[in-house]
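What's counted below: heavy atoms across the whole structure, side chains too, no hydrogens, waters or symmetry copies. Each ligand, and each atom within it, is numbered from 1 in the order the structure gives.
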Amino acid sequence: MTEVAKLAVLLEDARHAVALTGAGVSTESGIPDFRSDAGIWKDTDPMAVASIDGFLADPLRFYQFWRQKFAALATAPINATHRLLAGLETRGRIQAVITQNIDGLHQRAGSHRVFEVHGTFRRLRCLDCQAEESIESLFSRFGERDQTEPPRCMRCGSTHLKPDVVLFGEQLPPTFQEAEAEVRAADVFLVMGSSLEVYPVAGLVPMAKRHGAKVVILNRQPTPFDDDVDLVIRGELGHLSRELMSMLGVG
Ligand code: NAD
Ligand code: ZN
């Protein structure tokens with residue numbers, strides 16, 4: 001039996017399957033991940049544009065760095081892995097997707113039970129008055145103009161209008177606790193496209209094992225947990241997802 005066939009059997013027999021996804025599930029949508037060679041930090045200090053202190057110190061610089069990237073996220077297409085996971089949920093074969101991605105592509109593909117443990121770029125929140133704004137609204141306020149000033153909160157005028165993504169130096173949102181409950185309930189835990197180097201999310205893998213789940217890792221590169229899990233499938237996610245869709249009759 002091939003390794004993908006073994007995974008298909010696990011999913012067919014699962015009572016409560018949960019997937020954990022990382023940036024690797026979205027690279028085939030044209031969104032670069034963080035730890036492959038292209039390296040989005042090649043010319044930029046991550047602490048200046050991806051930490052809460054960097055944001056508070058210089059919101060304009062933050063938006064100058066992220067604006068084009070957020071615009072690209074808004075138009076990125078879904079891919080086979082997003083479709084696989086949405087199809088598995090529709091058929092009752094998986095119960096939840098926990099994602100480190102902020103791109104919203106799982107929901108666009110039709111997944112409903114999505115736990116966005118690193119937040120989403122789609123919503124902004126004012127750190128001073130808690131007013132919320134959608135990214136579409138922000139785009140329409142700023143258009144394509146080059147920004148010379150940071151965006152201001154429409155309610156209180158503060159420049160601390162921050163995308164609801166978890167920056168370095170910030171706590172994970174309460175949805176992380178809900179994600180942990182899913183992991184404790186899981187009998188199959190499927191990790192896709194994550195280097196498993198970012199904590200506390202990487203800690204979900206040993207947690208799943210401790211609670212008795214069969215853990216499967218699908219990734220192009222090795223991860224620090226490969227020796228501790230039940231099945232490791234090395235390869236390109238688009239290919240693996242299409243194979244699984246045809247085996248399971250999803251899609
Ligand atoms: P990561 O960049 O650390 O790891 C991605 C992993 O996916 C790598 O090991 C890589 O080998 C693998 N991979 C990439 N493309 C693949 C493919 N087509 N097939 C198989 N494997 C593939 O990503 P991470 O573990 O999610 O951590 C990065 C952090 O950055 C996350 O916390 C996330 O919040 C954020 N991030 C999000 C996005 C997004 O929303 N799409 C993109 C980049 C980074
Ligand atoms: Zn405000």
With the Zn ion (ligand 2) at the apex, how many degrees lie between SG of Cys153 and SG of Cys156, rounded to 10 degrees?
110°
Of the side chain and backbone of [X], name the one, both, or neither that has a heavy atom under 4.0 Å from an atom of ligand 1.
X      : result
Leu237 : both
Ser26  : side chain
Asp103 : both
Glu28  : side chain

Lys214 NZ: over 12 foreign heavy atoms closer than 6.0 Å:
no
For His211, I'd like to know if atom NE2 has over 12 heavy atoms of other residues, nucleotides or ligands within 6.0 Å.
yes
Proximal ligand 1 atoms for [X], defined as those under 4.0 Å from one of its heavy atoms:
X      : result
Ser195 : 1 (P), 3 (O), 4 (O), 5 (C), 6 (C), 9 (O), 25 (O)
Pro32  : 42 (C), 43 (C)
Gly193 : 5 (C), 6 (C), 7 (O)
Gly22  : 26 (O)
Glu236 : 17 (C), 18 (N), 19 (N)
Gly235 : 19 (N), 20 (C)

Strictly by modelled atom types, are Ser29 and Asn79 linked by a side-chain donor-acceptor pair under 3.5 Å?
yes
Measure from the Zn ion (ligand 2) to each N, O or S atom of Cys126 and report whether any distance is below 2.8 Å.
yes
Check: Val198 N/O within less than 3.5 Å of ligand 1 N/O
no
Can you tell me how far apart CG (Leu218) and OG1 (Thr21) are? Round to the nearest 0.5 Å.
12.0 Å
Would you call Asp226 and Arg234 a salt bridge, using N to O less than 4.0 angstrom?
yes
